[in-house]
Amino acid sequence: MAHTLPQLSYGYDALEPHIDATTMEIHHSKHHQAYVNNLNNALAGNPGENESLENLMANISSYSGAVRNNGGGHYNHSLFWSVLGAPGTAPSGNLAAAINETFGSLEALQEKMSTAGATRFGSGWAWLSVSDGKLTVSSTPNQDNPLMDIAEVKGTPILGIDVWEHAYYLKYQNKRPDYLKAIWNVINWDAVGARFDAAKG
Ligand code: MN
């Protein structure tokens, strides 16, 4: 079962001016495509070839570094594209209630996630996950994620923010905190809410 690059449900320019079209095009069609290709190459004829991406993540310690890096890259970016693209939405329903209960406010959650992303040394991700039924914020290095059995903080990710330089360097250069401020303008909170409800079962 070969893994494939998911299509975006919006154009490369849909997140302008917060995330520029050139960054989106390179990020999706070059970086993400490379993770997909390298994952398929690493799995070809090897254990895990017929496993779902989620099952690979859950047992990632039994696989090679290539599967960890590229499988994580494929999972993380697929999630990332799905939680972007709808400027002007806000958390609602069960997710809004859980954010207020856990963090006090949306602003407090954003601050916590932005700090997690800004303080992640080198490349990685900031996450909002459901862990033991509760919302939790964490970060991971490289292309790791909270689904992986090796993750420090495990859970079901419902929102991920890519803090690799390739996600922001063309527009923001070294100013990762500026990118982390801007990205809140283009989060699709309806998609995050649907992931929250699914994770809560
Ligand atoms: Mn990326």
Side-chain angles (χ1 to χ4, degrees), residues 3-43 53-54 56-57 60 63 65-87 110 113-129 137-148 150-153 156-188 191-192 195:
H3 296 273
T4 56
L5 182 70
Q7 289 215 318
L8 301 189
S9 62
Y10 45 84
Y12 288 133
D13 62 355
L15 311 183
E16 292 267 11
H18 308 291
I19 301 179
D20 62 283
T22 306
T23 293
M24 285 298 293
E25 181 169 4
I26 296 170
H27 202 171
H28 176 256
S29 71
K30 305 294 185 196
H31 289 281
H32 190 171
Q33 183 71 64
Y35 296 125
V36 170
N37 295 346
N38 292 336
L39 175 63
N40 286 331
N41 289 338
L43 288 173
L53 197 50
E54 286 75 11
L56 290 175
M57 298 298 101
I60 203 69
Y63 294 99
V67 173
R68 176 173 170 177
N69 292 334
N70 294 289
H74 179 33
Y75 179 89
N76 296 351
H77 288 84
S78 298
L79 188 153
F80 189 50
W81 311 132
S82 81
V83 295
L84 296 176
Q110 290 170 327
M113 273 196 86
S114 293
T115 299
T119 56
R120 167 53 59 188
F121 185 77
S123 298
W125 290 75
W127 300 102
L128 177 64
S129 303
V137 168
S138 65
S139 76
T140 55
N142 305 312
Q143 297 294 357
D144 288 358
N145 64 53
L147 286 182
M148 291 181 171
I150 46 82
E152 237 172 84
V153 178
T156 303
I158 62 170
L159 171 60
I161 299 178
D162 190 343
V163 298
W164 284 57
E165 282 188 346
H166 68 224
Y168 61 85
Y169 202 84
L170 290 182
K171 184 176 174 76
Y172 295 97
Q173 292 84 46
N174 59 313
K175 300 182 284 287
R176 188 190 287 184
D178 288 1
Y179 156 74
L180 284 167
K181 198 171 287 177
I183 200 165
W184 295 112
N185 293 298
V186 292
I187 299 296
N188 182 343
V192 181
R195 284 181 179 272

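Order of listing sets the numbers, starting from 1, for every ligand and every atom in it. Side chains are part of it too, since the values below use all heavy atoms of this structure and drop only hydrogens, waters and symmetry mates.
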request  = Provide the protein N, O or S atoms situated under 2.8 Å from the Mn ion (ligand 1); waters are not included.
outcome  = His27 NE2, His77 NE2, Asp162 OD2, His166 NE2
task = Could you tell me how the ring of His166 sits relative to the ring of Tyr35: parallel (under 30°), tilted (30 to 60°) or perpendicular (over 60°)?
result = tilted
message = Quick check: do Tyr179 and Asp162 have side-chain heavy atoms less than 4.5 Å from each other?
response = yes
Exceeds 12 heavy-atom contacts within 6.0 angstrom, atom CD of Gln7 = no
task = Hey, can you tell me if Phe80 and Trp125 have their rings parallel, tilted or perpendicular (30° and 60° cut-offs)?
result = perpendicular
key: Aromatic ring pairing His3/His74, orientation class (parallel under 30°, perpendicular over 60°, tilted between)   = perpendicular
request  = Under the side-chain contact (heavy atoms from CB on, under 4.5 Å) rule, what do His18 and Ile183 come out as? Steps first, then yes or no, please.
outcome  = CA-CA 6 Å; His18 308 291; Ile183 200 165; over 6 Å; no
